[in-house]
Structure formats: C-alpha cells, structure tokens
Amino acid sequence: SAYFERRMSENIDSDEELIFSSLATLSLEDLKNEPQRISDSQNSIRNTLRDLSLDNYHIFINNHECAEKLSFESSETKQRIGQISADLSQLQSQLEAFSKVASEHLAAHRKNMRILLHHHKLSELSEIPKLLETCVRSFPLADRIFEHALSLARFVITLEKSFEGDSSLLNGVSEGVKSSLETLEQNLLVELQENQPLSAYLVTITRLRRIGELNAKDTTNPLKVKLMLDLKLQVSFLEAKDARLDREIESLDKSNCPSFVTETIELNRTHLFEITNHFQAIFGKSGELALFHWMNARVAKFLAIVEKSLPFIPDPISLRNILDQTVSFGSSMGRLGANFLSLVEPIFSAVVWSSTANEIEICTALFEKWLKEGTVPVRKSSELTIEQLKDNFAEESKGLPNSPPLILLEFPVLAHYLNNVSIAFNQFRECAFFSLKFRLENLILLSINRICNALAESKRTELEESRELVYYVLANKMLPYISHSFSNVYFQFGSQAYKALKEHLFAKIKTQNIKIFGTAS
C-alpha cells in the first residue's frame, strides 16, 4: 500500500508539471475558457467512471470476496505456522532424547564390546571372592594358603584404589574380598582364645597385623598407621584372653562356694601370669599401658567375684583359707605391678564384721527375750550367798581366767549369753582385722549396756531376790573372761577392754543403787 501511495504521489506531481506547461502556451481567451473546459472534462470523466463502475460492478464484488478469502487464509496460515513451530520444538526435544538414548546404547555397546574383548580376565577377577572364601573355609590356614589369600586380597584392594570411576563388577568383587577378610580376621581372633604356645601366638598376631595393614585407609602417615594397628592388636589379644578366662570361670561349679572361690583364685593366678608373659614377649614395652589397664580391670573383676561369693561362706575356717589364698595371690601379683592387698582387707572385713555384729545382736536379743519370757532361769540355786561367792573367788581373782568360770553354771542366763559371745569370738578370731578392733569393743560395750538395761528393767521375782549376786558374777567373772577373749584376739588388748567394760558396768550399776561387794578393781 505504501508503494502505491508513493507511485500515486509521483504521478500527481508529473501531471501538475504538464498542466502548468500547457497553460503557459494558451492565449488569454483560452485561459478564460479553461475553467469551463476543465469542469466539463471533470463531469465527463465522472460520468465515464460511473458508467465504468456500473458495467464492472461484479469485479468489485469479486475483489472484495478475494480480499476476505485472502484475510481468512492468512490467519489460517499463521495458525498452521504456529502449530508447525510447536511441533518443531517437540521434535527437537524428542531428537535430543533420542540422541541421549542412542549415546547410552552406544556406550553400553562399547562397554559390552570391551567386556567381550576382556572376558577371560574379567571371569578370573570375578572368581577371586570364591577363591578367597575357599581359603578362609580351610581354617586353620597353612602359611602357603594364607600368603595366597593375602595376595588375592591385596590385588583387589590395589585395583580398587587405582581404578577411577564406578564399576559394579569391581565393587562386587571388593565387597566379597572384604567380607572374607573380615571372616578370616574373626577366626584369627578366636584362635587367640585357645591355649597355644608362644610361637603360635606370634604367627597369629603377625597375620592379624598384615590384614590390618591391608585394610588401612590412611596410608599417608605410616607411623600413625603402625601405632594404631599395634594398639588394636594389643586390645584384641587382651580381649581374647579375657573372654577365655571368663568362660573358664563361668564353667566352674558354683554349688560349693568355697571350692568355687578357690578354683577362681587358682585360675586367675595361672592365667594372669601366663597372659602377661606372652603379652610382654609379643609386644614388648610398647604395650605396657594397655596391659596396665587390662590388669586393673581383671583384678577388679576378680575382687567383685570374691566379694559376691563371701556372704555364702558361713564357715570361718573356709573364710580364713580363702583370705590366705587371696592375700598370697595379691602379694604375688606385685611381681606384675598389680599388688592389690590394700583392696582385700575392706572386702573381707565387711563380711567378717557383718557376721560378728549379727551374732552379737542375736546373743543380746536372746538374753533380753529370756529375761522377759522367763524361759531360761536366772539363778539355779537359791541357797548361794554373797559370802560364799567371795570365798569361792578369793583364789581365782588373781589374773585373767583361762577357762570359762564354772560359777556361771549357777546363773544359766549369764552362762548362755557368755557361751554365745564366745562362739562369736571364736568365729571372729579366724579373720580378726585390726581395723575392726575398736568397732568390736564398742559393739561389746553396747551389748553389755543392753543386758544391764534388761536386768534393771526385769520384774521377775527370782531376779529381785538375787540381783546383787547376778551383778557380782557379771562384774567379777563374766567381764574378766570376755576381756580375756579380747586378749586372745588382739594381743595386749584384753586389759584395756576389761577396764573399759568394768567402768561401763559400774556406771550402770551405780545408777541402780546396788552395792557390789568384793569386786576387783
């Protein structure tokens, strides 16, 4: 349209030039008649154009129809061009996907071709885990078989480290090899639990060390790898021995407690010295710290077994025998730097004290019960007097008695109490620890205090009639014998105990306004 407008503008300009040039040639008369001529010419042209339009009306209609059709076809063409553009984009994405799949198939094909080309070597590589598993199953391994298994594992691990990329075949082979190496390592650790000569332990530790070096991940620092591997081997050796010793102790017969403790002591003595000698021969001074901690844990475990078993040993002689064996064992452990004698006394003294305190409590409670219920008579003969007792004690008042006073047979309640206390002393003296000395003295003082209170509070008729006689025998015969029993338990302690008991007794008697005739000072 712009072209036609430009052409029409050019034509108009050229016509104007022609008109002006023709007007210049006209005369004045012609110029006057020129407007009329132009008007007539214009009317003629208009009439001619009207006639031409009427004659060619169908051409205008066809032209309009053609314009409408061209407009419709133009929009349809644009729509189809847009659809073709969308289809071309989809086709492009499909072509890219196809190209990617084709590339993958091509890579897989190349991989398959390489696998076919190296099929024999790959088959041998895939057989390595089975070969290694066969070697492991033939445990215990001969040196030749172990070297073969180790060389196979080393080849696979080296190949895995040097291979760049991901290979399902190599990963599978590597996993199988590592699993077999782990099984082999576990078998060697179990072998450490068995009773073998030192040479066999050296072979086993050497094999474990080589497996550990093969599995080491950080190879940039060899010294660090060696130290960590040594520590791991030391701990593994001690754990294996610990498991074996625990298993043997667990297999002992626990129905007879003294025999069980004795056998436990003997097992610990034998194994600890043997384990220490083997450990020092294998690892030398580098394993002293691990051995020290393990020895402490082993001693603590042994003492826990002894402490748990002691309450089930009622016989004081058996308890003394176990104490002697434990002390001997603890002393001998000093050669290994693990003397634990200082830990023995608290364990045994707690058991001994518990038993003795319980026996004295029973004696005192029975005395109080007898006085309250009257089941045991206070006095056998009603004819005995203070004068007769003084005459009877005149010769016996020198020194401490060596045997129970026979006069107590006249006072059954005192005789029974003294007999029970003597039994408790006889059991206590088997394991008389010096740390229990003052505790035992206080325990007897408390017991005497309770029987004095029981005598003072009792309203029995026979006691009211013979209260002075009972206190007289208590002060002059029973207390000296109890102090003599102390002297048999703790040397040069009897006189001090006797003095403390007498002072305590007199203080109790004084509160009751009872006069004791002829009492020894």
Side-chain angles (χ1 to χ4, degrees), residues 69-139 141 144-188 207-226 228-229 232:
K69 189 174 182 180
L70 286 174
S71 176
F72 175 76
E73 290 181 354
S74 176
S75 62
E76 185 178 0
T77 302
K78 290 180 179 179
Q79 183 179 1
R80 290 183 179 180
I81 290 173
Q83 184 177 0
I84 290 172
S85 299
D87 292 341
L88 286 175
S89 299
Q90 184 177 2
L91 179 62
Q92 183 180 2
S93 61
Q94 292 178 353
L95 287 174
E96 290 176 354
F98 175 77
S99 177
K100 183 178 180 181
V101 173
S103 299
E104 292 177 354
H105 283 292
L106 182 60
H109 176 70
R110 291 173 179 174
K111 182 178 179 180
N112 291 335
M113 291 301 294
R114 287 196 302 268
I115 291 174
L116 290 175
L117 184 62
H118 302 284
H119 176 264
H120 181 68
K121 294 181 180 179
L122 293 175
S123 298
E124 292 180 350
L125 181 63
S126 63
E127 291 294 328
I128 290 180
K130 295 181 180 179
L131 292 175
L132 192 57
E133 184 180 0
T134 303
C135 294
V136 173
R137 285 181 179 178
S138 62
F139 194 85
L141 306 180
R144 180 178 57 82
I145 298 178
F146 177 78
E147 291 297 335
H148 180 61
L150 210 62
S151 64
L152 290 175
R154 184 183 297 107
F155 169 74
V156 173
I157 292 175
T158 304
L159 183 63
E160 183 184 19
K161 290 180 180 179
S162 61
F163 182 77
E164 296 181 358
D166 187 19
S167 172
S168 57
L169 176 63
L170 186 57
N171 292 338
V173 172
S174 177
E175 290 296 327
V177 169
K178 290 178 181 179
S179 176
S180 297
L181 278 181
E182 185 177 352
T183 303
L184 178 58
E185 188 176 13
Q186 292 298 323
N187 291 339
L188 291 173
R207 290 179 174 181
L208 285 171
R209 188 187 304 277
R210 296 181 65 183
I211 293 175
E213 292 173 351
L214 198 60
N215 290 329
K217 296 181 180 180
D218 183 14
T219 57
T220 58
N221 192 343
L223 181 59
K224 179 181 177 181
V225 172
K226 182 180 182 303
M228 295 297 294
L229 184 58
K232 180 182 177 181

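Every value quoted in this text rests on a predicted model; they were computed, and no experiment measured them.
How far CE of Met228 is from NZ of Lys232: 9.5 Å, rounded to the nearest 0.5 Å. Put simply, CG on Asn187 and CZ on Arg207 are 11.5 Å apart, with the number rounded to the nearest 0.5 Å. For the atom pair CD (Gln92) and CG (Asp87), the distance works out to 13.0 Å, reported to the nearest 0.5 Å.
Residues forming a side-chain contact (heavy atoms from CB on, under 4.5 Å) with Lys226 (at least two apart in sequence, or on another chain): Asp230. For the side chain to side chain donor-acceptor pair (under 3.5 Å) test, residues two or more places apart in sequence or in another chain that qualify with Glu76 are Arg80. Under the side-chain contact (heavy atoms from CB on, under 4.5 Å) criterion, Ile84 pairs with Leu88, not counting sequence neighbours.
Open room surrounds CD on Gln79; 12 or fewer heavy atoms of other groups in view lie less than 6.0 Å from it. Enclosure of atom CD in Gln83 is not indicated, since only 12 or fewer non-hydrogen atoms of other residues, nucleotides or ligands lie within 6.0 angstrom.
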In sequence, state the C-alpha distance, the side-chain angles, and the governing distance for Glu104 and Lys100, and then conclude on side chain to side chain contact (heavy atoms under 4.5 Å, CB included). CA-CA 6 Å; Glu104 292 177 354; Lys100 183 178 180 181; 3.7 Å; yes
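At least one donor-acceptor pair under 3.5 Å links the side chain of Ser103 to the backbone N or O of Ser99. Distance alone, capped at 3.5 Å, places no donor-acceptor pair between the Ser74 side chain and the Leu70 backbone.
Of all heavy-atom pairs spanning Leu208 and Glu185, the tightest one is CD2-CG, 3.7 Å. What you find for Glu213 and Leu229 is that their closest heavy atoms are CG-CD2, 3.5 Å.
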